[in-house]
Amino acid sequence: MSSTHTEPSRAGFVLLLAGLAMFGPFSIDTVFPMFPQMQSALHVGPVQMQQTISVYLLAYALMSLLHGPLSDALGRRSVVMAGVAVFVLASIGCALSTSIWQLLFFRALQGVSAGSGLIVGRAIIRDRFHGPEAQRVMSRITMVFGVAPAIAPIIGGIIGTRFGWEAIFWFLAVFALVLLATCWRWLPETHPKEARLPLEPIPLFSRYLDMLRNPRFVWLCLSGSFNFSALFIYIASAPAFVLTHLKLGATDFGYFFVPAIMGMMTGAYLSGRRAGRHTPESNVKLAYAVMLLAGLGNVVYCLLAPAVAWPWAVIPIMINGAGISLAFPTLTLLVLDIYPQERGTASSLQAFIQLTFSAIVAGAISPWLSLRPSGLAMGAVAASLLGLVAWKLAQRAGVKSSPEMMVG
């Protein structure tokens, strides 16, 4: 297949990886502004509508256990392209759905396919880049794909209010189709045949068990998962937070998502700037100081304010996002470097753990916490505290940085 594509420039390669990373998260919250209209059209309530998120994330999590091993066995390029192609078909199915059960099925199919870009993309980064350079590339990709959750509900609100909620899924299908054509043309294979591993289910299951027995691996994965949950609590609750608590309209989701993602991009930028200058421990320590300061400030505001209002209710979330993405590249690379010969498999298990947390947040925790702004704030700060505990336990389990991993 090498003759079917042209090797991109370094900047183009990073941009392509960012596109692959963003199309999964992009499809989560594009439909948020149209939740009330979708509930009416499909004759369901808010809790049932919320399951379109949790089903998507659960399918994403389960399939994430296979995306990495498949790419270790078959190569990165073929797995990515197959995933994007299935996503195109799943998005068309969502657009044509006439019942909640049909929509849930095709949302699950979207989730099954969406992880190929993000999970395999992480392995591609580690295939091509090393040391501080890998940290810088990971940070740049975090900055670019971080735009997705900010612009997705804005685009969804514009498209949905003008053309109906079904048009949002047609848009996702076209977006994925363009991405598929771009991959066909420019995505190189970074995992040569001589480095590939056989795909054997029983040994694979045993490898996952071995990784789960590694306390360093598990605590690092949990630290990142808890950190992201502090923000995802708000993302999954965005319809209630924006429409009910902030009393904004269907086209106003950008008032929440743009500041939140600006914070994440700022944290990713700082992480890249610190690459090669500071140890991982220093970077994560700073990140948790930022997260906890923002979280506690948010709790105080929500408890004391007679009613939450923009922008004061969003500023702490923005600062928290900066702390999350300041720590994320460091934690991700530390996880992948534990198993340098099985980065795809390690990336899959890491993604499975994080996505399982996100699915639980979306399906069970978010509907409960979103009843009050103070509930969301306390849930977020609790997640940050649990992330800090997991990081401390990872250090106690023997986390050590090698000389080449002097990342920010």
Side-chain angles (χ1 to χ4, degrees), residues 16 18-35 37-39 41-42 44 48-64 66-67 78-121 145 147-184 187 235-236 238-239 250 253 257 351 355 358-359 362:
L16 176 56
L20 289 171
M22 72 183 282
F23 88 92
F26 192 86
S27 60
I28 294 176
D29 55 356
T30 316
V31 295
F32 282 174
M34 292 295 104
F35 264 24
Q37 289 80 355
M38 293 173 72
Q39 289 170 207
L42 299 175
V44 296
Q48 287 175 292
M49 204 68 233
Q50 195 78 10
Q51 302 315 308
T52 62
I53 307 173
S54 56
V55 164
Y56 174 94
L57 290 172
L58 185 59
Y60 195 135
L62 291 173
M63 189 60 193
S64 70
L66 290 179
H67 278 137
S78 58
V79 174
V80 167
M81 293 189 61
V84 179
V86 171
F87 185 87
V88 173
L89 299 177
S91 298
I92 294 173
C94 289
L96 298 175
S97 295
T98 56
S99 72
I100 186 63
W101 299 111
Q102 291 176 2
L103 181 61
L104 289 174
F105 172 79
F106 286 111
R107 282 291 277 175
L109 191 59
Q110 275 189 324
V112 163
S113 57
S116 60
L118 178 62
I119 296 165
V120 181
F145 97 83
V147 174
I151 64 174
I154 299 174
I155 294 174
I158 294 172
I159 293 175
T161 52
R162 295 185 180 183
F163 304 107
W165 64 267
E166 299 92 341
I168 297 174
F169 290 107
W170 286 113
F171 168 78
L172 290 174
V174 172
F175 175 77
L177 191 61
V178 171
L179 188 59
L180 180 63
T182 305
C183 290
W184 178 264
L187 183 66
I235 293 176
F253 275 70
F257 280 100
L355 289 163
S358 296

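All residue numbers refer to positions in the sequence shown, counting from 1.
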Heavy-atom closest contact (Cys183 atom, Val80 atom, distance): SG-CG1, 4.2 Å
Heavy-atom closest pair, residues Pro33 and Pro153: CG-O, 3.2 Å
To the nearest 0.5 Å, what is the distance between [atom1] on [X] and [atom2] on [Y]?
{"X": "Ser116", "Y": "Leu20", "atom1": "OG", "atom2": "CG", "answer": "7.5 Å"}
{"X": "Gln39", "Y": "Trp165", "atom1": "CD", "atom2": "CH2", "answer": "12.5 Å"}
{"X": "Phe171", "Y": "Thr30", "atom1": "CZ", "atom2": "OG1", "answer": "7.0 Å"}
{"X": "Met49", "Y": "Gln37", "atom1": "CE", "atom2": "CD", "answer": "10.5 Å"}
{"X": "Leu42", "Y": "Ser97", "atom1": "CG", "atom2": "OG", "answer": "8.0 Å"}

Do [X] and [Y] come close enough that some side-chain heavy atom pair is under 4.5 Å?
{"X": "Cys94", "Y": "Leu103", "value": "yes"}
{"X": "Leu179", "Y": "Leu16", "value": "yes"}
{"X": "Trp184", "Y": "Val84", "value": "no"}
{"X": "Met34", "Y": "Thr161", "value": "yes"}

Which residues share a side-chain contact (heavy atoms from CB on, under 4.5 Å) with Ile92, sequence neighbours left out: Val88, Leu96, Trp170, Ala173
Those residues that, when tested against [X], pass side-chain hydrogen bond (donor to acceptor under 3.5 Å, both in side chains) (two or more places apart):
{"X": "Gln51", "value": "Ser54"}
{"X": "Thr182", "value": "none"}
{"X": "Gln102", "value": "Thr98"}

Side-chain polar contacts of residues 107-114 - donor-acceptor pairs under 3.5 angstrom, sequence neighbours left out - could you list them?
{"from": "Arg107", "atom 1": "NE", "to": "Thr52", "atom 2": "O", "distance (Å)": "3.3"}
{"from": "Arg107", "atom 1": "NH1", "to": "Ser27", "atom 2": "O", "distance (Å)": "2.9"}
{"from": "Arg107", "atom 1": "NH1", "to": "Gln110", "atom 2": "OE1", "distance (Å)": "2.9"}
{"from": "Gln110", "atom 1": "NE2", "to": "Ser91", "atom 2": "OG", "distance (Å)": "2.9"}
{"from": "Ser113", "atom 1": "OG", "to": "Phe87", "atom 2": "N", "distance (Å)": "3.4"}
{"from": "Ser113", "atom 1": "OG", "to": "Leu109", "atom 2": "O", "distance (Å)": "3.2"}
{"from": "Ser113", "atom 1": "OG", "to": "Gln110", "atom 2": "O", "distance (Å)": "3.0"}

Derivation and outcome, side-chain contact (heavy atoms from CB on, under 4.5 Å), residues Ile28 and Leu57: CA-CA 9 Å; Ile28 294 176; Leu57 290 172; 3.9 Å; yes
side-chain contact (heavy atoms from CB on, under 4.5 Å) between Ile235 and Phe32, intermediate numbers included: CA-CA 10 Å; Ile235 293 176; Phe32 282 174; 4.2 Å; yes
By ring pair (Phe, Tyr, Trp, His ring centres under 6.0 Å) - contacts of Phe175 (at least two apart): Phe26
